[in-house]
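The next block holds one structure in the form of structure tokens; read it before the comments.
Position 1 is the first residue of the sequence; numbering continues from there. Not measured: the values here are computed from a predicted model.
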Amino acid sequence: MLGKSMTYNSKDILIEIDYSTWTGSVPTNLKGKSGYSSFDMLEVLIHIGLATRHPEQLGISVNDFWAFLRYVNCFLEGSDFRLNEKWQDVDPHQKTILSDDFGMGFASYYLTKHMNLISFVDTGYFLKHIPSLLISNRSKRGPSKTPDFIMLDSSFEMHLLECKGTQSSIKNLDKQIESGLPQKNNLRDPKRIISEKLVTGIFIPQYNSATNAAFKIIDPEFTLDFNEVDKEDLIIRALQGQFSKELHMLNLTKFGNEVANKDKLEDIKISNIVELLTNEKENTYEQQDIENDVGIKWTVGYDLKLFKKLQLSGIDNLLELFIDMYQSKNDFNNAYKSDINRGSNIISYKSLFGLEIEVEILLQN
């Protein structure tokens, strides 16, 4: 029965990076990555929960456990990454949602792994809270479309990302990616705040498809104006949005919204964060798949080591923390760490700030 865990773990996908679309040098951590690669399905499902969580609870967000409830039993067993036979009868709208979710979640997984991302936040959040960040052309379609996410890596470089996904064909994926290519020179960035500008797309084959799964990356341009934006303000907002998302993962909706919308971060004390998280219990969800004798358990909690250490070091509030992170960037990976651990049928994820997510495959005797 132990082999059942492989249904959810190791899958294969073709990675295609179009290096010809880069006008400058291709980032070192993406060079030579084209070709077949294996990934952990549980890790990607965690990233779907993280990527699709908005920094603000808007009252329309689906539970973060949704990816597991909906998708954990949708794929064939073994390493072939494709939907199973039952998925053929699912409503087309639900298929679209799966494509969109995996488009964002797989991009978050892959780019976090290869570009050392520490923040993955919706562009709309930045546009709402940073008045100096503008859209060059206000049209919602065609070449003026803004990217889905603004990303921050551990070297404190900022990146833009647009995500695509489909189950119909590679040809359709290529069309989607082309639609994410605005006209060149629409990005105004005289201070060179943005490093990489990416469009990614995933093709997930249906049960009877003759084509294998693929994930594509290209380098486009976007219609955003960073002319009046200060990079430190953008980085602080990125960290603020990421921490807010993690608070929502713990169902701390009120405090998560407070952090997300707070303009004076010095008002949010580290001591208050420690007290709140100390009193917060782990959230656990389980689902059983009776037909396959397999279940899944998802546990979300918080490791307070970082915030307790910050208290001892004299860092008083969130603003001081985010500034310290930015100013210590040369030693950042030693001072602030995220982690991922894998077992035969268990995976645990720990974020930069201490959010812990553990996913376990429950095998029936």
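Looking at residues two or more places apart in sequence or on another chain, you find a side chain to side chain contact (heavy atoms under 4.5 Å, CB included) between N172 and T166, S168, S169, Q176. E360 meets the side-chain hydrogen bond (donor to acceptor under 3.5 Å, both in side chains) test with no other residue; sequence neighbours excluded. Partners of K216 by side-chain hydrogen bond (donor to acceptor under 3.5 Å, both in side chains), not counting sequence neighbours, listed by chain and number: D174. Residues satisfying the salt bridge (Lys or Arg N to Asp or Glu O under 4.0 Å) test with D303, not counting sequence neighbours, are K350.
Listed for the T123 side chain is a donor-acceptor partner under 3.5 Å among the backbone atoms of F149. The main-chain N or O of A238 is found under 3.5 Å from a side-chain atom of S119 such that the two form a donor-acceptor pair. Checked by atom type and distance alone, the side chain of R82 pairs as donor or acceptor with a backbone atom of T211 at under 3.5 Å.
Taking the ring centroids of Y71 and F106, they lie at or beyond the 6.0 Å cut-off. Taking the six-membered ring where the residue is Trp, the centroids of F307 and F243 are separated by under 6.0 Å.
The minimum heavy-atom distance linking I217 with Y110 is given by the pair CD1-CE2, 3.9 Å.
To the nearest 0.5 Å, atoms CD1 (I357) and CG (L250) are separated by 8.5 Å.
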Item to check | side-chain hydrogen bond (donor to acceptor under 3.5 Å, both in side chains) between Q167 and S99, worked out | outcome: CA-CA 7 Å; Q167 298 160 43; S99 298; 2.9 Å; yes

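Classified by interplanar angle (parallel below 30°, tilted 30° to 60°, perpendicular above 60°), the ring pair H54/Y125 is perpendicular.
Under 4.0 Å is where a charged nitrogen must lie from a carboxylate oxygen, and between D263 and R237 at least one such pair does.
Counting Ile, Leu, Val, Met, Phe, Trp and Tyr side chains that sit under 4.5 Å apart, directly or through other members, Y36 shares a hydrophobic cluster with L14.
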Atom pairs and distances, donor-acceptor, side-chain atoms in residues 268-278, under 3.5 Å, two or more places apart:
{"residue": "K269", "atom": "NZ", "partner": "E266", "partner atom": "O", "Å": "3.3"}
{"residue": "K269", "atom": "NZ", "partner": "D316", "partner atom": "OD2", "Å": "2.9"}
{"residue": "T278", "atom": "OG1", "partner": "V274", "partner atom": "O", "Å": "2.5"}

